[in-house]
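Heads up: the structure comes next, in C-alpha cells.
All heavy atoms count here, side chains included; hydrogens, waters and symmetry mates do not. Letters A, B, ... mirror the listed sequences (proteins, then strands); counts begin at 1.
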Amino acid sequence: MREIYVVLLLLLALASGSLWGQVVPPRIGFVSDTAGELRPVLGVAGNFLLGDAVANSVVSSGFSGTFTFVKTDTALSIIDAGVETDFQVGPGPALFSFFGHAGFAYFVSDGTLHRWDGVQLTTVALDLVGEVLGLAQPDANHVWIAVRQNNLQVYVLTVDGVSGAIETSAPLTNVDGNLALLNDREFLFTNGRGLILRRANGAEIALAAQLKGAVSFEQLGAGWWSVKDSSGGHYVFRAGRDKEAIYQLPENAP
Amino acid sequence: MILRALVLAAVFPLVSFCQIQLFLVNASNGTETAIGASLDLGPVGVGQTLATTIRVRNVGASSVQVTNISLSGEYFSLFQPSVPTLPYTLAPGVLNFIDLEVDFSPASVALSDSAILEVNALTVVLWAPATPPANVYLDGAPLAAGATIDFGSVETGSSSAHSITVDDSGGTSALRVSISGTGFQATMPVAADNSSSFQIAFSPPSGKAFQGALTIGQQNFPLKGQGITPPAPAATIVVNNGAAVSSSQQVNVTIPLGAASQAIATGTLTLQFQSAVSGATDDPAIKFVLGPTRSASVNIAPGDTTGRINGNPSIAFQTGTTAGSILLTLELGTSGSQVTIPIAPIPVNIESSGGVVGPSELTISLSGFDNTHSVSQLAFTFYDTNDKAISPGTITFNASSLFANYFSSGLYGGLFSLNAAFPVTGNQTLISTAQVAITNSAGVIQLQRIVF
C-alpha cells in the first residue's frame, strides 16, 4: 500500500504517456577561450563543442557547475541560477573557489581576497606574503590558498573565510609554475615532467598534454578544469577517480 | 745651366740602364737568375698559360727612377702582381725590387712566339714555342673542344660525377682549371699539370635545369644537368596507433614515411564523414582539435621520417557521436593515401546520471550520446529502501518522437542530456534508487542504479 501512496501520481502520469521530459545538449560548463570569450562547453568526455560566446573581454572565469565567476578588467560578475550580480573591480586576473552557492575570489593585481556568501561580496582581511597560485574550498567558510613564498616553497594554507586567519600551513613540493587546487586536496600542476596530477595520497600521474610556456588553470565545470598554455594550447582535464583524463579543447571555428 | 741640363738628360738614361737588372725568379725556390738580352721561356701548349716572374732590381749605388715598363707581343701579357705606378723610385739593395708576372697564353701552334719587355731603356726579348693544345678526356673518351658535358637528370640530394683527364704532354706549364655554375663542383686543383685526372660533379639544389662551364686552359666545355625533385617516400596514415576507434574519442593521427625523405613535399590531410544514420548528414564534433576543422597542412623536409601535420608530429581529431565512416585523405606531392575508419553503431552511452527528489517531483538526469540517433524506449524501475521494486514495476515510455525532434537539428551529433521529471506525492524519502534502461537501434543499455 505504501508504494501506491508514494508514486500514485507518477504512475498516473506514466500510464497516460505524459512523462515530462526535456532533451538538450549536455553542458559541461563555461570556459574563457584563448580569445577572451566566455563560451559554453557542450559535450561529453572526448567530444567537445564550444557554443557561442556569452561574454567577451574575459580575463578570468570559473564555473563550479552551480554558479559562475566572470571577471573582466572592470567588473566581477557572479551568475547563479540565472541571476547576475555585478561588482566594479580593478583590472587583472583572478582566482576562484567554490562550495555550493558560496565562493571566494582572489584578485592577483591587488592581492585581495573576497568572499561570496551567495548574497554579498565582502573583503577578507588576509595577510600573507607570496604569490597566490590557486584556491579551493573544504567548506563554505574556509578557503585553501596555495601560495609560493619567497624561498620558492609552495604552501597550502587553510584560511578562515571570515576572519582571514591562517589556521594551517602545509608544504607542497616539486611544483613549478601555476597550479590548480582541486577541492578534494588533489593538485594539478606543472613541473619538469609536464602536467602532473597529484592525488591526495601523494601518487602522481603525468598527463599527456604538450604544454608550452606558462600554464594557467580555471575550473570550467563540476570536476572539469581548463588548462591553457601561453602558446595558445587549450586542454581540459576531467577530475574524479577512474575518470581522470586530459583532452584537447577544439576552439577552431567550422 | 741649360747645357748642363742637356748633358744630364743625355746621361741619365745611360745611368738607369746600367743600374737596372732583370732576373728570372724560380717559382719553386725563389732563386734569381740574371736575364740577358733574351729569355727562352720554353714550349707552352696552346690553351695553356705560362706565368713567369721577372724581377726588376736596382744594382747600382743610388736610387733610380723607373719611368717605363712595357711588354709587346701577341699572347704575352703582364699579369699580377700589377705594375707599380710610374714613375717609381727603385732604391738599391736586396730588399727593393719590382716583380713582373709575364703570362704567355698562345692561342695557336707556332714555332716561336716572341715579345719585347722594356724597363726604362733596358730591353729583353722573350720567346717561346706554342705547342698543340692539351687533350681532354671525359670518362676516358676524347672530348672535343667546346663539347657539352651533360650530366643528365639527377635527383636533388644526389650527385652525378664524371672523370676528366687532361693530357698535356706537349705543354710545359700547368693549365688553369675552373668550374662555374650552380650545382657543379670539381674535386681538382686550380691547375692541372701535364697529365691530370679529377672529378666533376653535379648536385642539383632543386628540380630544375642548370648550366655551367668547365674551363681548362683556354678550352671551355659547357656543363648542363637537369635537377629532379625525387618523389616523397610512400606515406601512410596511422590512426590511434592502429587501435580500434569508436565514438566520443580524441585520437591521434600520424603520417609515417616509408623511408627518410630526400624530398621537400607539401600536402593536405582532410577529414570527411559519411553518416550511417538516416537523416543525419554530418556531426559537427568530428573535427581536428587544432587549426581548420577538417583540413590540416602536411609538410615533409629532407631527412624526415614522418610528415608534420600543422607543424606537429601528430594531430588529434574527435570521432564525434554519430555512427558512420570517417575518411582521412592524404594528398602529398603527386601521391596520396586514404583510410576509412568505421564508427560502429553502439547502444546508448551514458556518461553521467543522477536523480533528485524534490517536494513534488522526482527528476532523473542522464547525459551521454546515442550514435544511432534512435533512442526509442525508456524504462524506469524504482526501488524502495528495502530494494523492492515499487509497483507496478518497470514503467516504459516511448521517447522516439522526443529524441527524433531533438536530433533533427543536426547541431550536436548524438549528444543529449535528458531531464525526466516525475510528479510524486507522499513520503518521497521511501524512494531509494532507480534503474533505467534505454533502447536504441543497436541495443539496450541498462544503467547502474541511480541513488536518490
Would you mind checking which part of N349(B) comes under 4.5 Å of any heavy atom in chain A, side chain (CB onward), backbone (N, CA, C, O), both or neither?
neither
Will you find, in the side chains of K228(A) and S32(A), an N or O donor that is under 3.5 Å from an N or O acceptor?
yes
Run the ring-centre check on F380(B) versus F422(B) and record whether the distance is less than 6.0 Å.
yes
Determine, for R193(A) against D176(A), whether the closest basic-nitrogen to carboxylate-oxygen distance falls under 4.0 angstrom.
no
With a 4.5 Å cut-off on side-chain heavy atoms, are N398(B) and T396(B) touching?
no
For Y412(B), is it the side chain, the backbone, both, or neither that has a heavy atom closer than 4.5 Å to a heavy atom of chain A?
both
For E204(A), is there an ion pair with R199(A) - N to carboxylate O distance below 4.0 angstrom?
no
Okay, Q249(B) and chain A: the region with an atom under 4.5 Å from a heavy atom over there is backbone
Given a strict heavy-atom distance threshold of 4.5 Å, which part of L411(B) is in contact with chain A: side chain, backbone, both, or neither?
backbone
Go through the atoms of Y406(B) and report whether side chain, backbone, both or neither lie under 4.5 Å from a heavy atom of chain A.
side chain
